[in-house]
Amino acid sequence: MWSLILFVAIGLFGSESFVKANCTIEAKGNLKFPKKFNFGVATSAYQIEGGWNADGKGPSIWDEFTHNYPERIIDGSNGDSAAESYRLFELDLQALKQLGAKHYRFSIAWTRIFPTGDVHLKNQKGIDYYNMVINKLRENKIEPMVTMYHWDLPVALQKFGGFANALIIDQFSDYAEELFKLFGDRVKTWITFNEPNNICKAGYGTGYAPPLIQAPGVGDYICFTNLLKAHGTTYRLYQKKFAKKQKGKIGITLDIFYLFSKTNNTDDVNRAMDYNLGLLAYPIFSKSGDFPPIVLKEIEKSSMEEGRAKSRLPSLGEYWTKIIKGSGDFIGINYYTSRYVKPATEPMGENPSMERDINIQMDVDPNWPRAKADWVYCIPQGLESLLKYLRDEYNNVEVKITENGWVDSGELNDDNRIRYFKSHIQAVLNAINDGCNVTSYSAWSLVDNFEWLQGYTEKFGLYSVNMKSTKKGRIPKKSALYYKKVIATRSVPVFEYLY
Ligand code: GBH
């Protein structure tokens with residue numbers, strides 16, 4: 001009876017039935033992860049550290065924004081104290097040890113080390129803090145994976161224009177050089193930028209996040225261009241001055257929703273992927289470099305129609321294409337969820353804007369299991385498909401999953417988070433079994449933390465933190481016990497054992 005219904009459903013909905021509406025995925029192939037595959041967890045400085053002005057730290061654009069516009073954060077909160085990891089790193093370390101994490105992805109707050117962003121003005125206490133973190137991790141055989149920039153630009157550098165000014169190329173690569181000098185003897189995995197899509201679209205396009213620049217279809221592209229140049233310059237610098245001795249790897253973390261087409265139209269999917277992922281991945285990881293040809297062509301055409309003398313997204317040019325092409329030892333991927341895409345019937349968004357340039361409608365299936373946040377649905381098939389897409393379109397580049405996680409209200413009995421992790425970790429294993437070059441997975445996040453515009457109303461942690469107490473004790477949720485078991489067995493355990 002059930003198989004008959006399933007059969008009819010497949011017949012009716014075709015490929016749609018591929019994306020299941022119950023947060024599960026079938027296991028295919030080996031049941032164990034390869035020995036060299038690494039499991040860990042991720043956080044970011046502003047979201048967990050607190051101590052926003054402690055010991056000489058300078059203000060970042062997120063300190064400034066949350067202080068000046070508390071009404072723009074859902075609960076009026078900020079990261080002034082957050083999970084207090086600056087004061088209480090020992091508690092994070094205990095949680096990492098309890099999980100058996102093999103690596104810890106955290107970010108360095110630029111303004112803790114260089115309060116004004118200028119590398120000639122060091123804050124020794126900030127340096128001491130990160131040395132302590134890195135050393136304690138290593139003593140416990142937990143590999144540090146360091147994000148250099150997770151959205152907290154020094155206010156002093158924003159005054160120069162931040163990512164809207166090409167000065168950021170030197171400002172960032174000078175900062176990166178100092179990080180290599182200070183920590184590169186012990187840090188072997190570096191991520192230059194976390195989610196350029198958000199840095200540039202939210203910061204310089206729609207302008208809903210700091211530095212609040214509203215210049216859609218213009219500012220966002222200027223930001224992408226400068227950011228890619230800063231990334232490429234940093235990579236070359238490392239190769240030239242540090243790689244031989246330090247032997248580390250450098251990558252960049254990109255966020256992407258996987259995109260399905262209801263009508264199985266691969267052109268729609270490829271075009272949308274070129275805009276949402278390719279804009280950043282293509283210049284770094286493709287064979288030819290520069291922005292994806294279709295994106296360059298379409299934006300140039302629209303720009304001409306708007307009566308401009310040149311494209312809003314000019315080619316990177318020969319010089320920069322060469323520097324940026326190949327400037328990544330791995331691609332970091334933050335995957336949370338997926339969407340359906342179809343071409344828009346009428347022009348979308350304002351003119352100009354990235355939305356108008358892309359002109360693709362994105363929607364969800366009302367049957368998909370939704371999280372507390374309205375943008376997260378549990379679609380493990382999207383992760384498997386994305387990894388295969390990277391394998392096929394980007395020459396089987398090494399992939400590190402730098403974030404993946406589920407959002408709820410913070411309950412300790414978080415079965416839905418376990419379901420999410422179980423199916424997504426299975427999706428990664430399926431992809432590996434199918435020849436994808438994925439080498440690590442970081443769950444977002446170690447602890448409940450400051451979720452940007454959502455403040456403390458949305459929780460992603462494996463550990464709960466009582467934000468109101470000064471002790472800020474970390475309490476393992478049920479999902480922490482599940483993830484511990486994943487790490488210990490290098491497999492995808494059933495989770496009934498927890499009952
Ligand atoms: C990542 O950001 C961040 O790296 C991390 O700091 C954060 O805590 C984590 O994920 C969880 O959010 O327009 O409705 O499609 C992801 C942030 C969330 C920003 C989704 C863009 C799009 C919402 N992104 N959001 S929607």
Side-chain angles (χ1 to χ4, degrees), residues 41-49 60-62 66 73-74 77 79 82-83 85 105-109 145-153 191-210 216 220 251-259 272 275-277 280 332-341 348-349 353-355 358 360-364 368 370-379 382-383 400-408 410 417 420-421 424 442-462 465:
V41 289
T43 60
S44 90
Y46 187 69
Q47 295 178 275
I48 64 161
E49 282 181 1
S60 79
I61 56 174
W62 269 91
T66 53
I73 310 295
I74 264 185
S77 67
S85 294
R105 174 179 177 235
F106 63 95
S107 82
I108 288 181
M145 184 186 282
V146 174
T147 311
M148 298 173 169
Y149 184 77
H150 201 122
W151 310 356
D152 44 358
L153 197 77
I191 292 158
T192 53
F193 294 103
N194 179 69
E195 298 191 352
N197 253 328
N198 276 302
I199 298 169
C200 296
K201 282 191 211 167
Y204 297 80
T206 58
Y208 67 75
D220 28 28
I252 186 167
T253 281
L254 309 180
D255 58 306
I256 176 75
F257 290 179
Y258 190 72
L259 304 169
Y275 274 92
N276 287 304
L277 178 74
L280 292 144
I333 289 289
N334 289 354
Y335 174 85
Y336 287 89
T337 196
S338 295
R339 293 286 184 271
Y340 279 115
V341 290
M348 292 181 64
S353 64
M354 281 190 70
E355 224 187 324
I358 302 172
I360 286 248
Q361 269 178 293
M362 288 203 192
D363 60 29
V364 299
W368 286 353
R370 208 200 95 174
K372 178 169 162 57
D374 59 8
W375 61 278
V376 181
Y377 295 78
C378 181
I379 310 298
L383 180 53
K400 291 183 188 293
I401 293 165
T402 43
E403 286 178 30
N404 175 239
W406 180 254
V407 50
D408 61 18
R417 179 169 289 105
Y420 181 93
F421 279 135
H424 285 75
S442 304
W444 183 269
S445 179
L446 176 63
V447 289
D448 285 344
N449 56 51
F450 179 75
E451 177 55 15
W452 310 111
L453 300 176
Q454 313 305 321
Y456 298 101
T457 65
E458 294 183 354
K459 317 275 192 182
F460 279 89
L462 289 161
V465 179

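Every number for a ligand or one of its atoms is a count from 1 in the order of the listing.
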At less than 4.0 angstrom from any non-hydrogen atom of [X], what atoms of ligand 1 do you find?
{"X": "Gln47", "answer": "5 (C), 6 (O), 7 (C), 8 (O)"}
{"X": "Asn194", "answer": "4 (O)"}
{"X": "Asn334", "answer": "4 (O)"}
{"X": "Phe257", "answer": "15 (O)"}

Going from [atom1] on [X] to [atom2] on [Y], what distance comes out if it is rounded to the nearest 0.5 angstrom?
{"X": "Glu451", "Y": "Lys372", "atom1": "CD", "atom2": "NZ", "value": "11.0 Å"}
{"X": "Ser44", "Y": "Glu49", "atom1": "OG", "atom2": "CD", "value": "8.5 Å"}
{"X": "Leu462", "Y": "Asp448", "atom1": "CG", "atom2": "CG", "value": "9.0 Å"}

Protein residue, atom and distance nearest to [atom], heavy-atom basis:
{"atom": "atom 16 (C) of ligand 1", "result": "Glu195 OE1, 3.4 Å"}
{"atom": "atom 9 (C) of ligand 1", "result": "Tyr336 OH, 3.2 Å"}
{"atom": "atom 14 (O) of ligand 1", "result": "Trp375 CB, 3.7 Å"}
{"atom": "atom 3 (C) of ligand 1", "result": "Glu403 OE1, 3.4 Å"}
{"atom": "atom 21 (C) of ligand 1", "result": "Asn198 OD1, 3.4 Å"}
{"atom": "atom 12 (O) of ligand 1", "result": "Glu451 OE2, 2.6 Å"}

Report the residues that fulfil salt bridge (Lys or Arg N to Asp or Glu O under 4.0 Å) with Asp408, sequence neighbours left out, ordered by chain and then residue number.
Arg417

Shortest non-hydrogen pair, Ala42 vs Ser445, comes out as O-OG, 2.9 Å

Between Phe450 and Ser77, what is the shortest heavy-atom contact and its length?
CE1-OG, 3.5 Å

Decide whether the shortest distance between a heavy atom of His150 and an atom of ligand 1 is less than 4.0 Å.
yes

What I want to know is whether [X] and ligand 1 share at least one N or O pair that is separated by under 3.5 angstrom.
{"X": "Tyr208", "answer": "no"}
{"X": "Trp151", "answer": "no"}
{"X": "Trp452", "answer": "yes"}

Looking only at heavy atoms, is any part of Val407 under 4.0 Å from ligand 1, and if so is it the side chain, the backbone, or both, or is it neither?
neither

So, for atom 19 (C) of ligand 1, does the protein have a heavy atom nearer than 4.0 Å?
yes

Sub-6.0 Å ring centroid separation between Tyr336 and Trp444:
no

What do you reckon, are the aromatic ring centroids of Tyr335 and Tyr258 less than 6.0 Å apart?
no

Side chains of Arg339 and Asn276: closer than 4.5 Å at any heavy-atom pair?
no

According to the interplanar angle, ranging from 0 to 90°, do the rings of His424 and Tyr420 count as parallel (below 30°), tilted (30 to 60°) or perpendicular (above 60°)?
parallel

